[in-house]
Structures are given as C-alpha cells and as structure tokens.
Amino acid sequence: MTTDIAAKADGTTKVRRPHAWIWAALSGVVSAAALLAVAEVFAALVARSASPVLAVGSFIVDIVPRPLKELAITLFGETDKIALLAGVGLGAVVAAAIAGALEYRFRFVGAVLLGIGGILATAAILTRAGAGALAWLPPLLGTAVGIAVLLLSIARLRRWVAAAGGRDAQTAGANRRQFLLFTGITAVGAVVVGIGARVLNATTASVAAARDALRLPAARSTVTVPEGANWEIDGLTPIITPNDDFYRVDTALTVPNVDPTTWRLSIEGMVDTPIELSFDDLVGMGLDEYGVTLTCVSNEVGGGLVGNAIWTGIPIRDVLRMAGVQGDADMVLSESVDGYTASTPLSSLTDDNLDAIFAVAMNGEPLPFEHGFPVRMVVPGLYGYVSATKWVTKLTVTRFDKDQAYWTPRGYAAEAPIKMSSRVDTPKIGTPIAAGSVAIAGMAWAQPVGVQKVEVSIDDGDWQETQLSTPINDQSWVQWKLDWNAEPGSHYIAVRATDKDGNLQVQDQAPIAPDGSSGWQRTLVTVSS
Ligand SMILES: Nc1nc2c(c(=O)[nH]1)N[C@H]1C(S)=C(S)[C@@H](COP(=O)(O)O)O[C@H]1N2
Ligand SMILES: [Mo]
C-alpha cells in the first residue's frame, strides 16, 4: 500500500488519492462474501440444502451440454467437480469485483447487479430437488445483507476519496481508517462465519454415526466366491472390487446425507395401491446376497468404469408386487433424494429370473455414502444410468412414452443394456516387460447370460482361447489369462469375448453415447530383450 501523505517541496503536505477502483472492486468482493456467509448461516438454521455456491454449481452441472461435460471429465477426471466449484467461485469473485467498481462509478448499479446475482442463486436453489419450503430465505437474506454491505462500504470509500482530495490529512486519515475497518472486519467476519457455517452444513457427523450404528439383519443366503474365481496375477483386477476402489459416477456435487431413520421409499404412479416403506420395513422383508458387476455407459472399451461387488438387498419385484403394477405400464422411473432419475424397463425389475434389487450393503458393509447410502438400486445387465439409482427414495411406475429420465434429453438412450466387453489388464501399454514367459490377463463380462469364452490374438495372428477363472455367476465378470512366450520387440494384443448364447463381442467401434461403447480392444506392448 502507498502512504497517503506525501511531503511537498514547500513543506506542506498533500494527501494522496486512494486507488478508488481497486478498493471499490474489493468492496464488491467483500459484499459477495457477506452475502454467501449470511446465506450459509441461515441455511444451517432453516434449510441445509440452500447453499448458493453449491446450488449454482449443481444447476450448471445439469445445464451444460454433454460434449462439454465429457470434456470436463477428460480434463479434470475425478476432480471435475472441484474444478467446477472453483470455476463458479472465480466467476463470482470477478462478477462481484465488477459490481463493486460499477457501484462506485454509478450509484446503485452495483447494488442492482448484486441483487440480480442473489435472485439467480435463489432461483437455482429453488429448482433443486428437495429444496425445503424455506429454501428461499437464506439466499434472499444474504442478498439483502450483501447489498447493505456494498452501499455502506462504497459510501465510506467515497468519503475517503473526497477527503483525500482536500488538504486535511487528519480527516482523510480518519475516513480511510473507517473504510478499511468496516470493510476489513466485514471481510474477516464473512470468511470465518461463512466457512464455519459451510462446514456445519456439510457435516455428515449425524448420518455417519447412524451408518456406524446400523446393524443389518444377517442375509438369509450368501454368495460364496468359488475356488479358482480369483487369480492373483500382477496387474490383474481382483474379482471383487473393494469398496474404496469402486468407480464412482454421479451428478451430485456433495454426497447426499440421508438419515436411514427418516428415509422413506414410495412406490407411486400406475399401481393399485401406492405404498411407502421405511428402512426397517424394507430390510424386514429379508435380505439376501447377490453378486453383480456394475458398468457405466461412459466406460470406453478397455476402461475402468466397471466394478464387481457382493450386494445385500431385497428384490425390487417383491416391493412392486406389494403395490400392484397396472397392465399398461412399461417403465419405472426411479428418483434419488437429489432429484436424479433413471428409466428402467419394468420387465427388468419384475423378471423372476433376474435379481434386480434394492441394495443396502456392499461387500458386507452398509453402502458407503458415495455409493448410495442407505439404499440404491442394482439391476443386472443394465448400465448404471438407467438402473442403479443411488440414494433412491421414489419409484414411479409409468410408461416410456410418458416420462423421461435425467440423461434421456441429454443425448443418451432411454434403454441401455450393458454391451458385452473384454479388456486387457496386463501387460499394460507403456510398461515394458521382460522377454520370456508372460501372463496376458484381463476381465470380461457379458450380463445377463455370462461369458462363454475369451480369445486373444497376438500381432493379428490366430485367435487363441484363453483360460477363464471360475465364474461367481453370470451377472459377474470373470478373469481370463493366456500364457505367452514374449519375444523382444513391439506386439499388438487384441481381445474379444463370446457369451453363453454364442454371440461374439461386437467388433464395430461405437462411442459411449448414446448407449455404450463397443469394439475389440487392441493394445500395444513393448518387450525388452
Ligand atoms: N442418484 C444418482 N444415482 C446414480 C447416478 C447419479 O448421477 N445420481 N449415476 C448413475 C450412473 S451413471 C452410474 S454408472 C452408477 C454408478 O454407481 P457407483 O458410483 O456406485 O459406481 O450410478 C448411477 N446412479
Ligand atoms: Mo454411468
């Protein structure tokens, strides 16, 4: 900072003018911080979900076109959500600084801009699913306080600037102090209070305790991983994916905190009797274990958006039967607490030979928060976006020609069975291996019928049948391996699967949109001498 008082040659002093634009911009940023802090405090009191930054972030998640979303995932990977929030934050800071500078130059223009920002944030909050009846209160109170801070701060800045123009160093100094004190205290207060309230709003403490305390009844039937199902080969994926390693895909900026004691599942729409079940009601229907491989439509051939777990749950058909499904329905729209929806063919949920379940546990423990605690759906053979709704709270029995799910207007098919696929886990491209005896190994899946065989072709030679690990069931992936005498140089390894109905994995390459990737993986490995 520059000193305000400069000595002049004749011995008198002249008060230097402050850099008013910069201070005005800063006032704008401080006002916005006050807005957010007050909104967070009132959100903590009346409506935890009414956080402006998160609501605006979620709104953006929902409106950005698919190619942009894919670009964000490519650029930032699993940190795409953090990048988005940082982007929203940066945008807000810049907009607030502009509002401050404008307010200094044109009285009330900045205040109006801040007001518009607050109203847009309120609209974003109110359009979120699960916005409570009082959700409008925090952002509007925040906006009022933010505008007040801006007006008061800029008024003090004007007084300082005016005094600095004169020769009265003392008045200028006092006005400067008043401005800096007011703006500084507001800034520090907003940051401390705002962060405190945000942490409080995000706190999972009570729900985490509820999850820890949860004692699920023992499953009536269990899945045993057969002998020979899991080979321990360096670089090969284990047959059961540990919860911590399981891929995560969802639109949620913050993981929903759902208290199992207040959670309800309602079955509505084209049913004879709409029903509502508590967690205890659902679990009381009896638990069984199911081994199912879950796959994301965004998984590229050879990719890792796929995992296999032992799920504990209740067949969805049993719950639908209680409600009584009406004859001309053909789809079930499942909805999560955060408003996400998936469209699942009714037949996939009522089929006696296909175990579509409400899962409450994953690999022997209550569902992790990221994977849908307390209840999610798992449907064998359908991509996650059309079946595996996490934090599920409502099923609407309906028709495909009447209702649409979240991804349907965003470029993905309304119905999407998982495409049979196979991939090479080892050797890996870019990791040179030593010549000699090498295991080529990977994973393959072909829900719902199961994998019959996996073949490998080296350097475009004959297809050689590989060895398969003992399958857990037809809904779970298998490992495959082939012993190879690797000679020095570069080699292509291609892989393809065949299912138990005799269908060969589709060779034609397809992108992930609209209904999943296809093609045979062909990877390049380097063997050193
Ligand atoms: N509530 C909710 N459930 C959801 C999603 C979502 O965005 N929100 N994404 C779906 C998609 S696209 C997939 S692939 C699976 C992923 O489940 P996982 O994160 O447990 O691996 O969840 C599905 N369930
Ligand atoms: Mo997905």
Side-chain angles (χ1 to χ4, degrees), residues 49 57-58 61-62 64 66 69-70 72-73 77-78 80-81 84 128-130 237 240-258 263 265 290 292-300 303-313 316 332-344 356-363 365-395 405-408 410-419 421 445 447 477 511-517:
S49 63
S58 304
V61 169
D62 290 353
V64 292
R66 185 171 49 74
K69 221 176 268 193
E70 277 157 17
I73 293 172
E78 298 247 321
D80 59 335
K81 287 169 185 156
L84 169 76
R128 301 310 305 162
T237 304
I240 301 288
T241 314
N243 291 354
D244 286 344
D245 298 340
F246 210 95
Y247 80 97
R248 175 187 166 198
V249 170
D250 55 61
T251 60
L253 277 183
T254 50
V255 176
N257 286 308
V258 185
W263 174 88
L265 174 68
Y290 304 86
V292 181
T293 294
L294 208 67
T295 316
C296 184
V297 69
S298 300
N299 192 45
E300 304 279 1
L305 295 179
V306 47
N308 186 46
I310 308 288
W311 310 91
T312 309
I316 295 174
V332 171
L333 193 73
S334 52
E335 188 172 334
S336 75
V337 297
D338 66 352
Y340 175 87
T341 52
S343 55
T344 312
I357 56 163
F358 289 116
V360 295
M362 180 176 183
N363 292 327
E365 54 168 294
L367 288 179
F369 294 110
E370 296 80 9
H371 297 291
F373 181 81
V375 182
R376 76 170 305 164
M377 290 168 55
V378 175
V379 182
L382 301 184
Y383 284 119
Y385 83 101
V386 288
S387 70
T389 304
K390 304 190 272 189
W391 316 289
V392 66
T393 188
K394 184 163 101 181
L395 300 193
Y406 182 88
W407 283 109
T408 313
R410 292 174 170 83
Y412 286 89
E415 297 188 53
I418 296 172
K419 294 181 183 174
S421 199
W445 54 95
Q447 304 99 317
W477 61 9
I512 58 174
D515 62 359
S517 63

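Both ligands and their constituent atoms are indexed starting at 1 by order of listing. Along the sequence shown, residues carry numbers from 1. None of these values were measured; they are calculated from a predicted model.
For Asp62, the side chain to side chain contact (heavy atoms under 4.5 Å, CB included) test picks out Arg128, Tyr406, Arg410, with sequence neighbours left out. Remark: Ser421 pairs with Trp445, Gln505 by the side chain to side chain contact (heavy atoms under 4.5 Å, CB included) rule, at least two apart or across chains. Under the salt bridge (charged side-chain N to carboxylate O under 4.0 Å, His left out) criterion, Lys419 pairs with Asp515, not counting sequence neighbours.
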**Study point:** Derivation of the side-chain contact (heavy atoms from CB on, under 4.5 Å) call for Phe358 and Trp311
**Key:** CA-CA 9 Å; Phe358 289 116; Trp311 310 91; over 6 Å; no

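The shortest side-chain heavy-atom distance between Glu300 and Ile512 falls under the 4.5 Å cut-off.
Protein residues with a heavy atom under 4.0 Å from ligand 1 are Phe246, Tyr247, Arg248, Val249, Asp250, Thr251, Leu294, Cys296, Ser336, Asp338, Tyr340, His371, Arg376, Gly384, Tyr385, Ala388, Thr389, Lys390, Trp391.
For the pair Gly307 and Trp477, the tightest heavy-atom approach, listed with the atom from each and the gap, is CA-CH2, 4.1 Å.
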